[in-house]
Amino acid sequence: MRKYWLMKSELDVYPWEALVSEGRTHWDGVRNYQARNMMRDKMKKGDLVLFYHSNCKPPHIAGIAKIVRESYADFTSWDVKSKYFDPKSTPENPRWFMVDIEPLIKIDNIGLPDLRSNPLLEGMPLLKKGSRLSVQPVPEEYFSVICTISGINNFETL
DNA sequence: GCCAACGTTGGC
DNA sequence: GCCAACGTTGGC
């Protein structure tokens, strides 16, 4: 069964447009164990991802991406020059993992206020108080609602 | 294994 | 820039 996710990216660090122009990217830099575990253990090829822009006004969903490679070691974690360097992670014993994604479709930006004001999205993890995870699951019912808002009527075929 | 201090995220 | 809500660290 295909699953659905939401991944946050700061608008001025790595926007949707960068993903589109590169055609594919590896999702490096996740340094939270909960987020890591979901990427490492749960994300499967073909799963769909809501690409979310954080740290902007308003924060918003900008597109839908697809998982094209399952979990492998995040090599930035043992790169001393990387800002994601973690001395406890080595190639022999990696602590952090990443996946590859490809852009699928741009969706018309859906702002956080729009998400909050939609009663159909009540209970969505992103909207819960104190939700900070940069990688989080999106139950299918919510994914479906967001597709409908975006004019995508048959998201099953994406 | 507890918990205080500290650091980070991210909306506002 | 503020600060709530976390998560992590490290002394004990």
Side-chain angles (χ1 to χ4, degrees), chain A residues 3-22 25-43 47-67 70-101 103-150:
Chain A
K3 291 184 295 304
Y4 304 90
W5 308 95
L6 180 142
M7 288 165 122
K8 297 181 186 175
S9 188
E10 294 186 30
L11 182 61
D12 54 358
V13 174
Y14 193 83
W16 169 259
E17 289 72 22
L19 177 62
V20 170
S21 67
E22 288 179 16
T25 198
H26 46 83
W27 205 254
D28 60 350
V30 171
R31 296 293 179 268
N32 171 284
Y33 288 103
Q34 262 182 280
R36 178 202 70 178
N37 293 347
M38 275 186 282
M39 280 205 299
R40 190 188 57 188
D41 307 332
K42 302 283 203 264
M43 277 190 179
D47 286 359
L48 299 186
V49 176
L50 296 174
F51 193 103
Y52 178 86
H53 284 154
S54 66
N55 259 315
C56 52
K57 291 178 185 174
H60 56 274
I61 296 169
I64 299 176
K66 187 177 229 168
I67 306 289
E70 290 172 18
S71 157
Y72 60 108
D74 180 345
F75 48 77
T76 65
S77 66
W78 56 77
D79 175 0
V80 290
K81 295 187 300 257
S82 170
K83 67 169 178 167
Y84 301 125
F85 175 66
D86 177 354
K88 291 173 184 156
S89 185
T90 63
E92 295 73 32
N93 189 18
R95 171 170 299 215
W96 304 108
F97 293 83
M98 59 187 178
V99 298
D100 285 0
I101 65 172
L104 212 55
I105 32 177
K106 162 83 187 155
I107 62 182
D108 200 15
N109 291 354
I110 308 175
L112 188 56
D114 299 326
L115 298 172
R116 287 201 190 284
S117 63
N118 190 326
L120 295 175
L121 294 177
E122 205 180 317
M124 185 178 174
L126 176 73
L127 306 180
K128 286 187 179 153
K129 198 177 174 188
S131 145
R132 293 191 314 173
L133 274 185
S134 64
V135 175
Q136 51 179 267
V138 178
E140 186 173 42
E141 50 183 308
Y142 302 119
F143 190 89
S144 162
V145 169
I146 285 161
C147 285
T148 303
I149 295 171
S150 309

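A note on names: the letters A, B, ... follow the listed sequences, proteins ahead of strands, and every chain is numbered from 1.
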For nucleotides 5-8 of chain C, give me every protein contact, N/O to N/O, under 3.5 Å, one pair per line with atom names.
unit_1, atom_1, unit_2, atom_2, d
C:dA5, OP1, A:Lys129, NZ, 2.6
C:dC6, O2, A:Arg132, NH1, 2.8
C:dC6, O2, A:Arg132, NH2, 2.8
C:dG7, OP1, A:Gln34, OE1, 3.0
C:dG7, O4', A:Arg132, NH2, 3.2

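Within 6.0 Å of CG in A:Asp108 there are 12 or fewer heavy atoms belonging to other residues, nucleotides or ligands. Other residues, nucleotides and ligands contribute more than 12 heavy atoms inside 6.0 Å of the NZ atom of A:Lys106.
Taking atom NE2 of residue A:His53 and atom P of nucleotide B:dG10, one finds them 13 Å apart after rounding to whole Å. Taking atom CG of A:Asp12 as the reference point, atom P of B:dT9 lies 13 Å away to the nearest angstrom. For A:Leu6 and B:dG10, the CG to C1' distance is 13 Å, given to the nearest whole Å.
Contacts of residues 77-87 of chain A with DNA chain B (heavy atom under 4.0 Å): none. Within a heavy-atom distance below 4.0 Å of DNA chain C, no residue of residues 115-126 of chain A is found.
Side-chain atoms of A:Lys8 lie closest to B:dG10 of the nucleotides B:dG10, C:dT9, B:dG11.
Contact annotation: A:Tyr52 does not reach the phosphate of B:dT9 (side-chain N/O to OP1 or OP2, under 4.0 Å).
Distance check, rounded to the nearest 0.5 Å: CG of A:Leu104 to CG of A:Leu48 gives 6.5 Å. Atoms CZ and OH, on A:Arg40 and A:Tyr33 in that order, are 10.5 Å from each other to the nearest 0.5 Å.
Counting heavy atoms from C-beta outward, A:Met38 and A:Leu133 have side chains that approach closer than 4.5 Å.
Side-chain N/O atoms of A:Tyr52 and A:Gln136 include no donor and acceptor closer than 3.5 Å.
Each of A:Trp5, A:Phe51, A:Tyr84 was compared with A:Trp27 under the ring-ring contact (aromatic ring centres under 6.0 Å, His included) criterion, and only A:Phe51 meets it. Under the side chain to side chain contact (heavy atoms under 4.5 Å, CB included) rule, A:Tyr4 has a single partner from A:Val49, A:Val138, A:Ile64, which is A:Val138. Remark: of the listed residues A:Arg31, A:Arg36, A:Arg95, A:Arg31 is the sole one forming a side chain to side chain contact (heavy atoms under 4.5 Å, CB included) with A:Asp74. For the ring-ring contact (aromatic ring centres under 6.0 Å, His included) with A:His26, the lone residue among A:Phe75, A:Tyr14, A:Phe97 that qualifies is A:Phe75.
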Would A:Trp96 and A:Tyr72 count as a ring-ring contact (aromatic ring centres under 6.0 Å, His included) if you check the C-alpha gap in whole Å, the side-chain angles of each, and the deciding distance to 0.1 Å?
CA-CA 8 Å; A:Trp96 304 108; A:Tyr72 60 108; over 10 Å; no

